[in-house]
Amino acid sequence: MTKQTQQTLHNIFSNYMQEKTNFFKNRDALSSDYIPDDTPHRDDQIKNLGSILAPTLRGAKASNIFLYGKTGTGKTVITKYVTGELNKMNESIKIVYINCKMKRVSDTEYRLLAELAREMGRKVPATGLPTVQVYQMFLDCLDEKKTNVILVLDEIDALVKKIGDGILYNLTRINQNLKNSRVSIIGISNDTSFTDDLDARVRSTLSEEEIIFPPYNAAQLQDILKQRAELAFHKSVVEPGVIEKCAALAAQEHGDARRALDLLRMASEIAERLGKNRVTIDCVDRAEDKLDLDRVVEIVKTQPKQSQAVLASIIRLVEGGKKNIETGDVFSVYERICASSGLKVLTQRRVSDLVAELDMLGIINAKVVSKGRYGRTKEIRLQLGKRALERIRGVLKENYLIRDSIMEGAK
DNA sequence: GTCAATTCACATGAAAGAGACCACGGTCTAGTG
DNA sequence: CTAGACCGTGGTCTCTTTCATGTGAATTGACGA
């Protein structure tokens with residue numbers, strides 16, 4: 001390292017330190033899992049949830065509760081807030097919060113149970129034990145503690161989608177197997193129609209009470225942002241109009257407060273990086289771009305190689321000017337890509353699934369169409385902006401799945 | 001011209017295999033007293 | 001005698017393959033007017 005680079009690095013760091021102190025009072029206040037003391041426009045839900053959970057203070061079992069609402073409507077924050085307060089009142093109440101969407105939890109019944117047992121303070125191996133045994137461990141744990149347990153299952157719809165509702169059935173009936181403890185379940189779901197495809201018995205026991213979280217409108221989002229901005233920034237760092245813009249953009253996406261906060265946070269980070277002394281509206285625009293871009297690139301990066309190879313073949317076809325890309329086309333290009341990069345060739349069946357996965361991720365758009373006599377297939381289209389495409393090409397190139405020449409592969 | 005049968009090119013499902021990982025218990029080995 | 005190394009067994013997890021079945025409309029071909 002030369003002296004000069006050392007010097008510039010030093011400058012970067014010291015600038016950063018200075019700006020940080022000038023800019024942010026408390027950066028965390030803009031993070032989406034920050035739990036503020038005051039949550040605007042959610043009084044009803046708080047009161048409701050509070051009164052349902054109140055019986056636990058006297059050692060009784062609370063009704064099971066189901067919370068609905070789109071992403072970023074405050075379900076998680078409110079739940080954490082209320083249960084936190086409850087815990088302050090009576091520390092013997094044990095709150096177990098589990099986000100079912102976390103990779104290491106959601107995939108199988110075993111993992112969920114292991115995580116539950118772990119939350120209760122028992123060590124469980126990541127794999128190796130029979131599932132029944134883990135269930136028993138969890139039960140023992142619960143019973144020997146003699147407490148009132150509130151079990152919060154966040155994003156419960158993801159769980160059921162993966163492993164079915166059998167486990168919920170067991171959980172809802174868990175009280176019958178317990179002598180000393182009581183368990184109440186709070187289920188949180190983004191999907192309002194979620195309970196429709198639940199087993200009837202599970203549905204009735206799980207949603208004894210229901211609370212709905214409607215989306216925020218733009219004005220409400222503004223209140224939230226203002227409150228958080230107050231906490232996060234020093235005085236008058238944010239230009240007028242910035243908060244309004246963030247709120248408006250997020251309101252377009254079903255009133256997602258998380259999105260609004262992300263925008264504001266990203267905008268301020270951009271302002272910071274550009275060395276501005278205030279957050280401008282222009283920064284919000286850039287933030288919106290960057291958030292989308294980052295999301296997509298991150299997704300592609302974390303995909304397994306096979307999936308990337310499939311994406312690469314789609315990109316090749318698109319750049320070769322092919323219209324109406326079908327599964328068969330993708331597969332034959334994919335075969336060649338595998339051959340040239342030494343990757344194992346998967347069956348068409350599998351590739352078809354990979355295409356469906358890419359569709360789920362929103363990177364491509366795959367629509368099943370029937371072409372009558374000429375079969376039935378997926379019509380595949382890329383759903384990437386120009387800049388995103390460029391960066392993804394970069395990622396794929398790193399893995400030798402794509403080369404510079406666009407001509408190759410065109411047909 | 002009409003209508004049912006055919007046909008294509010996959011989609012979609014279910015089940016099962018391969019190869020990881022891991023815990024647990026038993027056996028072997030070397031170090032210690 | 002004991003701690004640790006080293007199996008073998010039995011369990012789960014993820015990614016795949018194999019086998020089977022499903023599907024929607026363009027096309028075909030028989031049929032009747």
Under 4.0 Å between any heavy atoms, over every strand shown, what does Val330(A) touch: base, sugar-phosphate, or nothing? Just pick one. nothing
What's the [atom1]-[atom2] distance between [X] and [N], to the nearest Å?
{"X": "Gln306(A)", "N": "dT17(C)", "atom1": "CD", "atom2": "C1'", "result": "13 Å"}
{"X": "Lys371(A)", "N": "dA9(B)", "atom1": "NZ", "atom2": "P", "result": "11 Å"}
{"X": "Glu326(A)", "N": "dG24(C)", "atom1": "CD", "atom2": "P", "result": "17 Å"}
{"X": "Phe331(A)", "N": "dT17(C)", "atom1": "CZ", "atom2": "C1'", "result": "12 Å"}
{"X": "Lys305(A)", "N": "dT16(C)", "atom1": "NZ", "atom2": "P", "result": "13 Å"}
{"X": "Glu379(A)", "N": "dA25(C)", "atom1": "CD", "atom2": "P", "result": "14 Å"}
{"X": "Lys344(A)", "N": "dT17(C)", "atom1": "NZ", "atom2": "C1'", "result": "8 Å"}
{"X": "Met360(A)", "N": "dA11(B)", "atom1": "CE", "atom2": "C1'", "result": "16 Å"}

Decide whether a cation-pi geometry holds between Lys80(A) and Tyr97(A); the criteria are a distance under 6.0 Å from NZ or CZ to the six-membered ring centre and an angle within 45° of the ring axis. yes
On the ring face of Tyr81(A), is Arg42(A) found with NZ or CZ under 6.0 Å from the centre and within 45° of the axis?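 Relative to the ring axis of Tyr81(A), which defines the angle, Arg42(A) lies outside at least one limit.
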With respect to the phosphate group of [N], does any side-chain polar atom (N or O) of [X] fall under 4.0 Å of OP1 or OP2?
{"X": "Tyr374(A)", "N": "dT27(C)", "value": "yes"}
{"X": "Lys378(A)", "N": "dA11(B)", "value": "yes"}
{"X": "Thr347(A)", "N": "dT17(C)", "value": "yes"}

Are side-chain heavy atoms of Glu244(A) and Ile281(A) found at a separation under 4.5 Å? no
Please examine the side chains of Leu291(A) and Arg259(A), heavy atoms only from C-beta on, and report whether any two atoms are closer than 4.5 Å.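 They are in side-chain contact.
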With respect to the side chain of Arg373(A), which nucleotide from dC8(B), dA25(C), dT17(C) is positioned closest? dC8(B)
As a test of reading the structure: which of dA26(C), dG22(C), dA14(B) is closest to the side chain of Arg349(A), going by heavy atoms?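 Of the candidates, dA14(B) comes closest.
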Under 3.5 Å, is there a donor-acceptor pair between the side chain of Thr302(A) and the main chain of Glu298(A)?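 Pair found, side chain donor or acceptor close to backbone of Glu298(A).
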Please confirm whether any donor atom in the side chain of Arg350(A) sits under 3.5 Å from an acceptor in the base of dT17(C), or the reverse.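 Under the 3.5 Å cut-off, the side chain and the base do not form any donor-acceptor pair.
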Return the 5'-most residue of the pair Gly372(A), Thr327(A) with respect to DNA chain B, ranking by each residue's nearest nucleotide. Gly372(A)
